[in-house]
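Working notes, beginning with the structure itself.
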Amino acid sequence: MGKASELKEAALHLGFDAIGITAAHVPPGASYLKEWLSLSYQGEMSWMARRPEIRSDPQQYDSLAKTIIVAGVTSHQTSAPSRRGRIAAYAQGLDYHEILREKLERLAQSTLVPWGGQFRVCVDSSPLMEKPLAAMAGLGWQGKNTLLIHAQHGPWLMLGSLLTNLEISPDSPSHDHCGTCTRCLDACPTQAFPKPYVLDARRCLAYLTIEHPGSIPEEFRPLIGDRLFGCDECLDVCPWNRHAQQSRELQLSPIPRADLPEMLAWDDTRFRKEFRNTPIFRLKRSRWLRNICIVLGNIGTELDLPSLEQASRDKDPLVREHALWGIQQIRDRLKTERARI
Ligand code: B12
Ligand code: SF4
Ligand code: SF4
């Protein structure tokens with residue numbers, strides 16, 4: 001069996017849902033990164049703007065890299081948790097970074113190392129453009145929502161890579177199958193796509209609820225709806241979901257959560273204890289409570305007012321500000337409802 005086939009068999013054995021191989025070249029479209037940054041679409045993710053020439057060229061990141069093995073695990077969840085407040089599918093269980101990192105490490109130890117190769121594991125946070133590399137490795141194509149669309153798993157693959165100094169025969173790149181579809185562009189609650197295939201992160205609810213550090217601009221707060229963490233709108237509507245199956249990765253299965261008013265009363269120690277090893281942990285208590293206040297402002301009732309009032313006296317000014325907004329939203333709603341009776 002050739003190296004490529006051996007790698008693929010080992011990857012499927014480890015629970016990866018997709019794997020592809022590409023030479024460590026600059027992916028087509030990488031030059032758009034500079035254009036994207038020049039328009040400030042990265043918002044406050046200043047790490048995205050650091051050394052773009054490295055991010056767009058894997059060999060500038062690791063001069064020994066000859067091959068990139070890109071692998072994915074689907075995060076698709078077919079049932080919705082019963083509690084109020086939605087969390088993006090990829091973040092409902094344990095942290096995918098650790099899950100993928102461990103699998104990639106095991107894949108490398110069982111294949112690349114016995115072949116005499118060196119390797120580097122990259123999951124999300126390394127300066128690489130994972131979607132264009134995955135497309136180059138034949139996993140799928142970058143859709144109009146900018147995500148990597150896999151013919152079977154749709155937009156749900158979470159990606160990770162192995163960079164190696166070995167030469168392994170590459171797969172052929174995939175072609176775009178979006179056709180005339182515009183469902184993701186039409187479904188976006190904030191119109192975050194200035195044009196197909198381009199995302200202005202500053203308008204994206206995933207950015208606003210996860211990456212944005214401070215106060216959330218008021219224009220976006222009602223549009224957040226009941227989203228506590230991330231947004232799956234432009235994934236849910238993709239027709240390439242039709243064959244997508246529930247993730248078989250048990251570590252990504254949804255963890256039961258407390259109700260919103262209960263979490264609003266948690267101190268830092270409790271927050272850390274409850275969310276350790278999950279993607280929510282890196283939000284820290286401040287942003288998590290900020291998000292809960294917005295969601296309660298959008299969907300809460302009179303019964304949620306006491307917990308918001310307590311939060312409006314929190315030691316954290318970000319929490320206080322958003323709690324006051326939430327209270328006002330609920331009161332306005334109650335007033336309108338009473339006027340109607
Ligand atoms: C920064 C970032 C974000 C930002 C910006 C997203 C973005 N689209 O750039 C924010 C915080 C908004 C975000 C949100 C999400 N993210 Co994110 N994110 C990243 C990260 C770290 C870098 C992405 C990047 O390089 N962006 C820069 C832009 C320029 O790159 P690009 O989107 O590939 O750009 C291409 C096109 O836009 C096009 N293009 C750009 N300009 C132009 C101009 C013209 C004229 C044309 C024609 C084309 C064009 O060409 C570019 C190259 O192909 C990657 C991990 C990684 N290291 O790659 C994860 C990653 C992309 N995220 C991921 C996920 C899951 C999400 C969310 C689904 C999470 C959620 N449910 O809330 C959302 C989805 C939102 C969306 N529709 O993209 C996954 C995607 C997996 C997949 N199947 O595609 C990744 C790969 C993480 C991982 N390891 O799995 N993310
Ligand atoms: S994740 Fe949500 S807000 Fe962001 S681009 Fe997709 S639909 Fe729009
Ligand atoms: S919803 Fe349609 S346009 Fe958007 S990524 Fe899926 S197939 Fe492409």
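Counting starts at 1 for both ligands and their atoms, in listed order.
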Between Leu100 and ligand 1, which residue portion shows a heavy-atom distance shorter than 4.0 Å: side chain, backbone, both, or neither?
neither
Does ligand 1 have any atom sitting under 4.0 Å from a heavy atom of His150?
no
Do the ring centers of Trp240 and Trp141 come within less than 6.0 Å of each other?
yes
For atom 2 (Fe) of ligand 2, does an N/O/S atom of Cys188 lie at less than 2.8 Å?
no
Using 4.0 Å as the upper bound for N to carboxylate O, is an ion pair formed by Glu337 and Arg331?
no
If we set the cut-off at 4.0 Å for heavy atoms, which region of Cys234 has an atom near ligand 1: side chain, backbone, both, or neither?
side chain
Quick one: sort the Phe229 and Tyr90 rings into parallel, tilted or perpendicular, breaks at 30° and 60°.
tilted
Can you tell which of Cys234, Ala187, Cys184 gets a heavy atom nearest to atom 1 (S) of ligand 3?
Cys184
Less than 3.5 Å between some nitrogen or oxygen of Glu211 and one of ligand 1, yes or no?
no
Looking only at protein heavy atoms, identify the closest one to atom 6 (Fe) of ligand 3 and say how far it is in Å.
Cys238 SG, 2.4 Å
So if I count the atoms of ligand 3 from 1 in the order they appear, which ones are less than 4.0 Å from some heavy atom of Asn145?
5 (S)
Where does Leu235 meet ligand 2, judged by heavy-atom distances below 4.0 Å: at the side chain, the backbone, both, or neither?
neither
For atom 66 (C) of ligand 1, is there a protein heavy atom at a distance under 4.0 Å?
no
From atom 58 (O) of ligand 1, is the closest protein heavy-atom distance below 4.0 Å?
yes
Hey, is Tyr207 touching ligand 2 through its side chain, its backbone, both or neither, going by heavy atoms under 4.0 Å?
neither
Return the residue, atom name and 0.1 Å-rounded distance of the protein heavy atom closest to atom 7 (S) of ligand 3.
Trp240 CD1, 3.6 Å
N/O of Asp124 under 3.5 Å from N/O of ligand 1, yes or no?
yes
Look at Asp314 together with Arg285 and state whether they make a salt bridge at an N to O cut-off of under 4.0 Å.
yes
